[in-house]
Student: 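Can you keep this structure in mind? I'll have questions shortly.
Labels below follow one simple rule: chain letters A, B, ... track the order of the sequence lines, proteins then strands, and each chain is numbered from 1.
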Amino acid sequence: MAGRSVTVLNVAEKPSVAKAVAQILSRNPGIRGRDGRSRYNKIFEFDYTIRDQPCKMLFTSVIGHLMELEFDARYRKWHSCDPADLFQAPVHKSVPEDKKDIKRTLEEEARRCQWLVLWLDCDREGENIAFEVVDVCTAVNPHLTIKRARFSALIASEIYQSVQNLVEPNKWFADAVDARQEIDLRIGASFTRFQTMLMKDAFNIDTVTDGRNTVLSYGPCQFPTLGFVVERYWEIQAHEPEEFWSINCSHRSDEGTANFSWGRGHLFDYTCAVIIYEMCIEEPTATVTNVRQQEKLKYPPHPLSTIELEKRASRYFRMSSEHTMKVAEELYQGGFISYPRTETDNFSSRTDLHAIVQEQQAHPEWGIYAQRLLNPETGLWRNPRGGGHDDKAHPPIHPTKFSAGESGWSQNHRNIYELVVRHYLACVSKPAVGAETTVEIDIAGELFSACGRVILEKNYLDVYRFESWGGSVIPTYTIDQQFIPTTLTLDPGVTRPPPLLSEADLLSCMDKEGIGTDATMHDHIKKLLERFYATKDASMRFTPTNLGEALVMGYDDMGYKLWKPYLRAVMERDMKLVGEGNKSKGEVLDTSLQQMKACFLDARLNKVKLLEAMAIFFERSNRVGSEHQNTTEEVVRRCGLCQESDMVLKKNRDGKFMVGCLGYPQCRNVVWLPGSISEAVVTTNTCNNCTPGPVFLIQFKFRQLEIPPSYNVNHLGCIGGCDEILIQLTEICGTGPRMPARARGPTPATSNAHPTPATNNANHTNPRQSACLHCQETGHSSNDCPSQTRRSRNAQHPETNQQSGESSVSCSSCGAPGVLRTANTANNRGRKFYTCQSQECTFFVWEDSINNGTGGRGSARSNNVPTSTRGRNGGRGPRGRGRSGSNSSSGTFVTATGDPISGRRCFTCGDPSHFANVCPNRGV
DNA sequence: GCAAGGTC
């Protein structure tokens, strides 16, 4: 029933959506908006009818999130509190200064409206922004009727449908985002303050950070991103090139040349390869055993999503993801391309795909192709294949306006526009068609194959100049045909480490592990560079800096996976549960913050690991208070004297422990502790007697010889005044150390000497139980891995596994203990040798060669030992080098079972002193 | 001085 007109405030997530929806609903493409308080957010007005209700529509927007989460003022200064407090410090949402004008517009318009319709993007963040808008509007007009419009694309039919079927906003979705925001803030701020304050005083790191104000930030997205870079770097460092051998065959005829590759790929065992090669050389006639002809298709890419745009721009134009997004944003603002932040790689069936192509027909470079595409006779058109991703908010990136290049465009603008257009044209084109021929031949029982390809139809490749489809023509062969190869060679090769991560690789890793969103991934990458955690070289590949590597190493040495993507994955799972209503926001916050706080406290107890890792790369600073014992101060209680600051546990340079007020020198409240204390750590336990609480108990360790025998060296004590034992020991021992700190023995063991925190820590894995990152062995952590002694980072470390007096032999490949065994082969029966304890490693050395210095890695083959170990680990294997000189000259070989092979000689010249592969007349 | 998420 038509009634009196109501005034409806409609709010979209961004100005462009407000305008687009207003244009559609008002059926006025030229609709003009009036200005509000914010220069970007216009207000469009028109009349509309929603389910028979006449409406005066006011359509405006926000610019993403309207509010930010922050700590209450008292906790905002870095030294205002213990970073551990940030896990429970009060937080609140507020509108930041630069969004105040948008808030004012909403307030002014909301006052005169009866309805509020939320047109935010239909994802979790959009839902959360919707509730921010609701908060602002209902604060000034509590009687508003609140409705949510759900739409998946800015297409007229979709919008009409949506406005007639308004729903309720989804609080669960918004709650999920609230939880994420709070967890990110608390973890980020606490760890950032902790590690920054710890390292800045202890080391001279300003040298690597350009003297800028150094912040060693930690974030649940930036750190895993750094983790990917460091992990790859470590993989490269750990790589040892390994020689392998392959047999290659070519055949030239009038029709061309075919290059046949060996069915076995390559062999790491030189002897084996030579034996097979000899067999081939002795009977080199090739017989064609199979000829297969197949039609092959090469498909065009899926419609363009943000990540693909970034990856391809990086590959094709060497543009950084950050710059790509900046350029894409400008093209979007200019109306040339669609919204560039989208996960969607699927066009809605309602999109007019042909109209987009029609616009491009006049282009001097790809216009002809667009015309061909639209001509049904060419048969070039094909509806695009989707990649299965849909963010339900935006279509794939596609051109929205024709341009043959604008005068203000940089080369990058031209490149990105061209990529978007060509990519779109490719998507709606038929795949390329090729004819592939595979020929298999047999030489002396060995299989070889060659493949030739002819492109029959280029189709999309005609327009998508960024891709190619290599192919070569090979001669025609028939089954049972025989020929003598033109060349038949035994060629050496060497395994190579993987390359450093490229920007495209990094984006793929992040995408796969769910780190960041399409709109923020480039920010996290940029942050690594800004924080001096990584550098990017000319070929767009990332190397960790010393700082980045040290931080990851420090946490890794603690056994923490804080630099791995798992934490984010858990958070993503929790957010999903909250969004589905299967877990409450409070529940997720409670458990994950409790776990993260325990992890934080534990990390702080183990901070020596971080300091040790940093010490590998950086000089210790001479600043006062820089000794690592007192670089972070653990809060014991609130100061009862000034009642403003916290009392923290400190250790002076001379080794004295005390609990002092952070308000020093304004507040001089201090509790001196007995001089006989060797270690003191604040625990999470609190005193039940002392007030005002909480007063955290301290785990003390006293030096045995400095306290009366009736006292225990370990004592969990309180400094609040209730602890008789502590008072007595202070009286007995005084408050100064007996010996100067420097005269004491080695620093006691670090983390193991500390009590474990009372709370459980789900993220902590014991490095003694987990496999070493480098050699995959258990029994040591990655930082103790003997295989890493070659790494540059250990150059400053003593060789701990080579200490004199040790009688055992350790594996030079993985560092595990050697096992003494007795040979049982014909030539060496009874002779002793060592192999590696690990079944996966083929280290070998004769015992009698150790003292005369002839043994070691690679000696396996020159000493005729069984080579079967190679087979046991599937071709990957010993880090030992390939062949020794004696193999190629003596002519004595063993089979896999250790039996000698005699009577072999060079096939080419008949000389028994060498084999054909090293013959001066090499080749056939 | 700290996070990550929106978007101009």
Student: Tell me every residue that passes side-chain contact (heavy atoms from CB on, under 4.5 Å) with A:T105, counting only those two or more places apart in sequence or in another chain.
Tutor: A:R37, A:I43, A:E109
Student: Apply side-chain contact (heavy atoms from CB on, under 4.5 Å) to A:A110 and list each qualifying residue two or more places apart in sequence or on a separate chain.
Tutor: A:L9, A:C137, A:V140, A:L144
Student: Taking only residues two or more places apart in sequence or in another chain, which ones pass ring pair (Phe, Tyr, Trp, His ring centres under 6.0 Å) with A:F151?
Tutor: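 Testing A:F151 for ring pair (Phe, Tyr, Trp, His ring centres under 6.0 Å), a comparison that skips the adjacent residues, returns A:W119.
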Student: Tell me which residues in residues 85-103 of chain A lie within less than 4.0 Å of DNA chain B, going by non-hydrogen atoms.
Tutor: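 Output list: A:K99.
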Student: May I have the distance from A:H79 (atom NE2) to B:dC2 (atom P), rounded to whole angstrom?
Tutor: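 Rounded to whole Å, this separation is 14 Å.
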Student: For A:R341 and A:L69, find the nucleotide of DNA chain B closest to each by heavy atoms; which residue's nucleotide sits nearer the 5' end?
Tutor: A:L69
Student: Please compare A:S190 and A:M67 by the position of their nearest nucleotide in DNA chain B and report the one closer to 5'.
Tutor: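 Looking at DNA chain B, the more 5' nearest nucleotide goes with A:S190.
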Student: Using the side-chain contact (heavy atoms from CB on, under 4.5 Å) criterion, which residues pair with A:K171? Sequence neighbours excluded.
Tutor: A:F131, A:D175
Student: Using the salt bridge (charged side-chain N to carboxylate O under 4.0 Å, His left out) rule, collect all pairs that involve residues 320-337 of chain A, keeping only residues at least two apart or in two chains.
Tutor: A:E322-A:K526, A:K326-A:E330, A:E329-A:R341
Student: Which side-chain N or O atoms in residues 510-517 of chain A pair as donor and acceptor under 3.5 Å with protein atoms at least two apart or in another chain?
Tutor:
from: A:T517; atom 1: OG1; to: A:A519; atom 2: N; distance (Å): 3.2
from: A:T517; atom 1: OG1; to: A:T520; atom 2: N; distance (Å): 3.4
from: A:T517; atom 1: OG1; to: A:T520; atom 2: OG1; distance (Å): 3.2

Student: According to the ring-ring contact (aromatic ring centres under 6.0 Å, His included) rule, which pairs have a member within residues 574-603 of chain A, sequence neighbours left out?
Tutor: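 Matches after skipping sequence neighbours: A:F87-A:F600, A:F191-A:F600, A:F194-A:F600.
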Student: Does anything in residues 32-41 of chain A reach DNA chain B, meaning a heavy atom under 4.0 Å, and if so which residues?
Tutor: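 Result for residues 32-41 of chain A: none.
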